[in-house]
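Every chain is numbered from 1, with letters handed out A, B, ... down the list of sequences. Computed over heavy atoms, backbone and side chain alike; hydrogens, waters and symmetry mates excluded.
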There are 2 protein chains.
Amino acid sequence: MKLSQRGEYAIQALLVLGMYHGPEVIRIKEIANQQNIPRRFLEQILNDLKSGGFVESRRGVSGGYRLERRPEEITLSEIVRHIEGPLESSDLAKESKKKLHLHSDEAAKYIINGVMHEVQTAIVGVLEAVTLFDLCEKVRKIQGQMDDQSDYII
Amino acid sequence: MKLSQRGEYAIQALLVLGMYHGPEVIRIKEIANQQNIPRRFLEQILNDLKSGGFVESRRGVSGGYRLERRPEEITLSEIVRHIEGPLESSDLAKESKKKLHLHSDEAAKYIINGVMHEVQTAIVGVLEAVTLFDLCEKVRKIQGQMDDQSDYII
DNA sequence: TAAAATCTCGACCAATTTAGTCAAGTATTG
DNA sequence: CAATACTTGACTAAATTGGTCGAGATTTTA
């Protein structure tokens with residue numbers, strides 16, 4: 001399981017919005033600069049996140065984006081699912097079982113599918129347990145460490 | 001994590017070789033027919049599996065393939081790793097940590113990477129625990145069930 | 001020894017996906 | 001109304017995926 005660039009950017013953007021979460025809105029340009037994401041590409045991604053109900057936007061001169069839900073209510077699995085497509089591939093499993101007679105290639109596929117289903121369950125298990133809030137906390141923590149050593153750049 | 005077609009075919013082929021494992025060799029054509037895999041494509045895949053040390057081949061008129069190792073010694077994680085590329089993406093983790101001063105986009109990436117690393121660990125955990133032999137047993141089992149009901153095709 | 005069967009090697013190809021870019025438009029503020 | 005920002009949809013280049021193909025090398029068997 002590798003995250004696409006798009007997926008990584010999406011999480012980075014949400015992470016910024018999570019860090020500064022409040023009633024205020026943040027401009028696309030700021031996110032792009034801070035996270036070093038191509039601006040035009042980020043527009044696309046934020047738009048997608050908007051239609052997915054993760055962020056809301058305000059137009060016009062003092063426009064920007066903010067989270068639509070609180071960071072602690074957004075799990076990584078939701079984000080990844082929305083941006084990379086379904087984590088769980090449609091169960092060939094029950095399909096095949098019902099037919100009850102499998103050609104030998106179907107038998108093999110059925111078995112392989114079963115294992116891959118376990119894999120998916122494991123993936124979701126991890127991603128389900130992590131919220132945007134958790135990620136923000138971790139960032140704050142390592143930024144705190146950097147403070148201590150007055151050896152950071154931002 | 002979705003398996004590529006190539007990956008699924010590879011496992012199917014190994015599964016066939018595992019089912020009939022012995023000193024004898026099986027022709028590419030038989031595997032292709034039985035598993036409904038494009039023959040030319042399968043050639044490529046088996047070649048790849050050969051260079052990966054999973055199978056060995058015999059040329060000539062009664063040539064074919066057989067497993068190079070015993071089914072119980074081949075884990076799914078090895079197969080997938082070889083055919084789909086590394087499961088574990090090179091650790092940006094330690095890299096970044098050493099630098100000790102992260103730009104804020106690097107901090108975000110670092111954190112995200114950490115979670116993805118957990119995901120990878122979970123994936124490997126599942127795949128590591130399943131051997132080719134296990135898969136063969138499962139196939140035998142559902143084929144046994146089909147026998148019981150004399151309602152199968154092969 | 002020649003024919004037939006089978007693996008081997010590398011090039012090639014079309015369709016899809018990924019990672020962006022761009023232009024023109026709409027909305028909001030001052 | 002001018003400036004600033006989001007919105008929408010089309011467009012593109014490069015990489016990946018899922019194959020195909022031709023020519024060659026090896027081995028068996030008649």
Novice: Can a donor-acceptor pair be found between the side chains of A/Glu72 and A/Thr131 at a distance below 3.5 Å?
Specialist: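 Note: A/Glu72 and A/Thr131 side chains miss the donor-acceptor criterion.
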Novice: Detail all sub-3.5 Å separations between protein N/O atoms and N/O atoms belonging to nucleotides 10-17 of chain D.
Specialist:
none

Novice: Without decimals, in angstroms, what is the distance between B/Arg58 CZ and D/dT29 C1'?
Specialist: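 Interatomic distance, CZ of B/Arg58 to C1' of D/dT29: 15 Å.
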Novice: First and last nucleotide of DNA chain C in contact with chain A, 5' to 3', at under 4.0 Å to a heavy atom: what are they?
Specialist: C/dA19 to C/dT29
Novice: By salt bridge (Lys or Arg N to Asp or Glu O under 4.0 Å), which residues pair with A/Glu43, not counting sequence neighbours?
Specialist: A/Arg39
Novice: Look at A/Glu56 together with A/Arg66 and state whether they make a salt bridge at an N to O cut-off of under 4.0 Å.
Specialist: yes
Novice: With A/Arg58, which residues qualify under salt bridge (Lys or Arg N to Asp or Glu O under 4.0 Å), at least two apart?
Specialist: none
Novice: In whole angstroms, how far is the C1' atom of D/dT4 from the CZ atom of A/Arg39?
Specialist: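 After rounding, the reported distance stands at 11 Å.
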Novice: If I take atom CZ in residue A/Arg66 and atom C1' in nucleotide D/dC6, what distance separates them, rounded to the nearest angstrom?
Specialist: 16 Å
Novice: Any salt bridge between A/Glu106 and A/Lys109, counting N to O under 4.0 Å?
Specialist: no
Novice: Applying side-chain hydrogen bond (donor to acceptor under 3.5 Å, both in side chains), can you list everything that pairs with A/Asn47, at least two apart in sequence or on another chain?
Specialist: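 side-chain hydrogen bond (donor to acceptor under 3.5 Å, both in side chains) check on A/Asn47 returns nothing, list empty.
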Novice: Please state how far atom CZ in A/Arg27 lies from atom C1' in D/dT4, giving the value in whole angstrom units.
Specialist: 9 Å
Novice: If the condition is salt bridge (Lys or Arg N to Asp or Glu O under 4.0 Å), which residues does B/Glu73 pass it with, not counting sequence neighbours?
Specialist: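 Salt bridge (Lys or Arg N to Asp or Glu O under 4.0 Å) check on B/Glu73 returns B/Arg70.
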Novice: Using the side chain to side chain contact (heavy atoms under 4.5 Å, CB included) rule, pick out the option among B/Leu42, B/Asn36, B/Ile37 that qualifies with B/Gln12.
Specialist: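 For B/Gln12, the side chain to side chain contact (heavy atoms under 4.5 Å, CB included) check succeeds only for B/Ile37.
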Novice: With sequence neighbours left out, what residues match A/Arg40 under side-chain hydrogen bond (donor to acceptor under 3.5 Å, both in side chains)?
Specialist: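 None.
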Novice: Which part of the nucleic acid, if any, lies within reach of A/Ile28 when heavy atoms closer than 4.0 Å are counted: base, sugar-phosphate only, or nothing?
Specialist: sugar-phosphate
Novice: Is there any protein nitrogen or oxygen under 3.5 Å from a nitrogen or oxygen in nucleotides 22-26 of chain D, and what are the pairs?
Specialist:
from: D/dG22; atom 1: N7; to: B/Arg40; atom 2: NH2; distance (Å): 3.3
from: D/dG22; atom 1: O6; to: B/Arg40; atom 2: NH1; distance (Å): 2.9
from: D/dT26; atom 1: O4'; to: B/Arg59; atom 2: NH1; distance (Å): 3.0
from: D/dT26; atom 1: O2; to: B/Gly60; atom 2: N; distance (Å): 3.4

Novice: Measure the shortest side-chain to side-chain distance between B/Leu49 and B/Gln44 over non-hydrogen atoms and say whether it is less than 4.5 angstrom.
Specialist: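 No, every pair of side-chain atoms sits at 4.5 Å or beyond.
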Novice: Whole angstrom is fine here: how far is it from CD1 in B/Ile37 over to P in D/dG18?
Specialist: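 It works out to 13 Å between those atoms.
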Novice: Less than 4.0 angstrom from a charged side-chain N to a carboxylate O is my criterion; do A/Glu137 and A/Arg140 meet it?
Specialist: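 Looking at A/Arg140 together with A/Glu137, the answer is yes, because their closest N to O distance falls below 4.0 Å.
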Novice: Only counting residues at least two apart or in another chain, list the ones meeting side-chain hydrogen bond (donor to acceptor under 3.5 Å, both in side chains) with B/Lys50.
Specialist: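 B/Lys50: side-chain hydrogen bond (donor to acceptor under 3.5 Å, both in side chains) contacts with B/Ser57.
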Novice: Mind checking salt bridge (Lys or Arg N to Asp or Glu O under 4.0 Å) for B/Glu84 and listing every partner two or more places apart, or none if nothing turns up?
Specialist: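 Applying salt bridge (Lys or Arg N to Asp or Glu O under 4.0 Å) to B/Glu84 gives none.
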Novice: Calculate the interatomic distance between B/Asn36 atom CG and D/dG18 atom C1'; express it in whole Å.
Specialist: 15 Å
Novice: Enumerate the residue pairs fulfilling ring-ring contact (aromatic ring centres under 6.0 Å, His included) with a member in residues 37-61 of chain B, sequence neighbours excluded, ordered by first and then second residue.
Specialist: B/Tyr9-B/Phe41, B/Phe54-B/His82
Novice: Note down the inter-axis angle between the two ends of the helix from C/dT1-D/dA30 to C/dG30-D/dC1, five pairs each, to the nearest 10°.
Specialist: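 Roughly 0° between the end axes, to the nearest 10°.
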Novice: Please tell me if A/Ser57 has a side-chain N or O lying less than 4.0 Å from either OP1 or OP2 of D/dT7.
Specialist: yes
Novice: Once you round it to whole Å, what is the distance between P of D/dC6 and CZ of A/Phe41?
Specialist: 17 Å
